[in-house]
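Small disclaimer: the values here were computed from a predicted structure and weren't measured.
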Amino acid sequence: MFRKITAFLLAATMCIAFSGCSKEGSSVSKGAETGTPEEIVEGYYTCLINEKYDIAYEKYVSSISKVFETKEEFSQRMELSAFMQDKKLKDILINDADLVMGTEDVIYKIKGIAKYELDGEIITEDFYEYVITQEKTGFNRILIDGALSAKPYEMTNGKGLHAEKVMVYNTVEGTRVKMTMANSDVVFHAIGKESMPPMLEIVVGGRTRPCKFPSYTVIEPGKTAEFTAEYEGVSGEVTKVVLSSIYTVGENKKPSEEDSGRVYSLTLEK
């Protein structure tokens with residue numbers, strides 16, 4: 001059920017944390033969908049590399065993750081991600097499997113190296129995935145982004161620059177917040193600037209936890225932008241979210257360095 005949001009813009013001083021499939025023909029167990037955590041990751045990435053997103057979702061994604069995202073949404077997201085990248089994923093090599101939770105849930109963090117093709121050359125990057133042993137079936141499945149549960153908050157009839165949606169996730173390693181900002185104005189707005197990147201702060205148990213982003217974002221009229229912040233080791237009810245460093249935009253479509261900035265503050269009602 002969606003929670004309500006109360007929102008307001010405040011004049012502000014500037015404030016200043018923390019904001020990853022194998023190729024066709026590679027050796028994956030025939031029973032990978034009921035295999036070890038490593039086999040599940042290999043099978044999942046085999047599907048992604050071969051653009052079999054429906055099969056990846058049906059066979060390898062956990063029931064918890066399916067609550068947050070339908071098969072159609074998952075496929076659309078993967079298709080868009082593949083289209084937007086210059087590099088193409090070719091293979092993976094798994095190096096390690098760490099048990100990260102062992103109480104009610106058995107969850108593994110699978111680490112490895114992903115191989116990509118870029119301009120005819122092979123490059124490598126580190127990657128990781130979470131795999132959960134599902135309680136009902138005993139099968140290992142991909143736990144997307146390590147998200148265990150989520151609370152959605154929506155806002156209706158927002159004016160100007162406003163939050164359209166906020167999702168607060170309880171994750172394997174802490175808390176994640178995704179905030180979608182919508183620009184209903186006729187002018188551009190900048191979240192952050194060169195000298196002051198944006199920051200998303202949350203209040204949990206009366207304590208403020210900041211997360212600083214690496215660069216600014218300009219939101220055009222009628223457009224939206226999503227900000228995702230990770231707070232490792234933080235758990236509990238998020239009661240407030242504050243997005244800082246909001247600036248006007250000049251004719252060059254860049255944030256004004258002379259603007260002292262504002263913050264956008266949200267109180268999340270239970």
Side-chain angles (χ1 to χ4, degrees), residues 1-3 5 17-21 33-41 43-45 47-48 53 56-75 77-78 81 94 96-112 126-154 165-180 200-205 207 209-211 226-241 266 268-270:
M1 182 173 66
F2 291 121
R3 274 41 173 201
I5 290 181
F18 167 4
S19 202
C21 261
E33 62 268 30
T34 56
T36 66
E38 294 91 338
E39 289 175 321
I40 291 300
V41 172
Y44 175 72
Y45 273 93
C47 291
L48 298 188
Y53 304 128
Y57 183 90
E58 291 167 357
K59 286 191 172 184
Y60 298 103
V61 173
S62 67
S63 56
I64 292 176
S65 298
K66 288 178 179 177
V67 172
F68 307 143
E69 190 172 41
T70 66
K71 180 168 65 176
E72 291 72 22
E73 290 169 338
F74 175 85
S75 295
R77 179 168 63 84
M78 289 300 177
S81 177
I94 294 175
D96 200 8
D98 295 332
L99 182 66
V100 292
M101 290 184 68
T103 53
E104 296 181 2
D105 299 304
V106 177
I107 301 173
Y108 299 87
K109 189 173 185 177
I110 309 300
K111 303 175 185 177
D126 293 337
F127 84 97
Y128 65 87
E129 292 287 350
Y130 293 100
V131 175
I132 184 171
T133 304
Q134 298 186 142
E135 184 178 355
K136 289 184 178 180
T137 64
F139 294 163
N140 294 309
R141 291 290 183 267
I142 298 290
L143 186 65
I144 296 176
D145 294 333
L148 293 165
S149 63
K151 286 187 178 180
Y153 300 82
E154 281 201 345
K165 187 175 184 179
V166 175
M167 290 287 290
V168 179
Y169 295 89
N170 168 37
T171 71
V172 173
E173 300 190 61
T175 295
R176 176 183 303 115
V177 174
K178 287 187 178 181
M179 173 185 279
T180 303
L200 187 60
E201 297 173 290
I202 62 173
V203 177
V204 179
R207 295 186 61 185
R209 310 281 187 158
C211 177
E226 185 177 88
F227 298 86
T228 301
E230 300 280 355
Y231 305 89
E232 289 190 355
V234 176
S235 61
E237 189 79 18
V238 177
T239 57
K240 191 174 183 178
V241 180
L266 303 173
L268 306 182
E269 298 181 354
K270 295 182 180 180

For residues Leu266 and Met179, determine if any side-chain heavy atom of one lies less than 4.5 Å from a side-chain heavy atom of the other. yes

Using the side chain to side chain donor-acceptor pair (under 3.5 Å) criterion, which residues pair with Glu226? Sequence neighbours excluded. none

State which residues pass salt bridge (charged side-chain N to carboxylate O under 4.0 Å, His left out) with Glu69; sequence neighbours excluded, sorted by chain then number. Arg77

Identify which one of Ile40, Ile107, Val106 satisfies the side-chain contact (heavy atoms from CB on, under 4.5 Å) criterion when paired with Asn140. Ile40

Among Thr36, Leu99, Val41, whose side-chain contact (heavy atoms from CB on, under 4.5 Å) with Tyr108 holds? Leu99

Partners of Thr137 by side-chain contact (heavy atoms from CB on, under 4.5 Å), sequence neighbours excluded? Gln134, Phe139

What distance do Glu230 atom CD and Lys178 atom NZ have between them, rounded to the nearest 0.5 Å? 8.5 Å

Tyr60 vs Tyr44 aromatic rings, parallel, tilted or perpendicular, using cut-offs 30° and 60°? perpendicular

Applying ring-ring contact (aromatic ring centres under 6.0 Å, His included), name anything that partners Tyr130, two or more places apart in sequence or on another chain. Tyr128

Sorted by chain and number, sequence neighbours left out, salt bridge (charged side-chain N to carboxylate O under 4.0 Å, His left out) with Glu72 holds for none

Check: Thr171 side chain, Gly146 main-chain N or O, donor-acceptor pair, under 3.5 Å: no

Applying salt bridge (charged side-chain N to carboxylate O under 4.0 Å, His left out), can you list everything that pairs with Glu38, at least two apart in sequence or on another chain? none

Residues that Tyr53 engages under ring-ring contact (aromatic ring centres under 6.0 Å, His included), provided they are two or more places apart: none

In this structure, are over 12 heavy atoms from other groups packed under 6.0 Å from Lys66 atom NZ? yes

Rounded distance (nearest 0.5 Å) linking atom CG of Leu143 with atom CD of Glu129: 9.5 Å

List the residues meeting side chain to side chain donor-acceptor pair (under 3.5 Å) with Asp98, not counting sequence neighbours, and say none if there are none. Lys111

Gap separating the OG1 atom of Thr34 from the CD atom of Glu39, nearest 0.5 angstrom: 8.0 Å

Nearest heavy-atom contact between Leu148 and Ile64 is O-CG2, 3.4 Å

Can you list everything that forms a salt bridge (charged side-chain N to carboxylate O under 4.0 Å, His left out) with Glu237? Sequence neighbours excluded, please. Lys151

Do the non-hydrogen side-chain atoms of Asp96 and Ile110 ever get within less than 4.5 Å of each other? no

The criterion is side chain to side chain donor-acceptor pair (under 3.5 Å); which residues satisfy it with Ser65, sequence neighbours excluded? Ser62

How would you list, by chain and number, every residue that makes a ring-ring contact (aromatic ring centres under 6.0 Å, His included) with Phe68, sequence neighbours excluded? Tyr169

Mind checking what makes side-chain contact (heavy atoms from CB on, under 4.5 Å) contact with Val168, not counting sequence neighbours? Tyr153, Val166, Thr175, Val177, Val238, Leu268

Indicate yes or no for a side-chain donor-acceptor contact from Arg176 to the backbone of Glu232 under 3.5 Å, with no hydrogens or angles considered. no

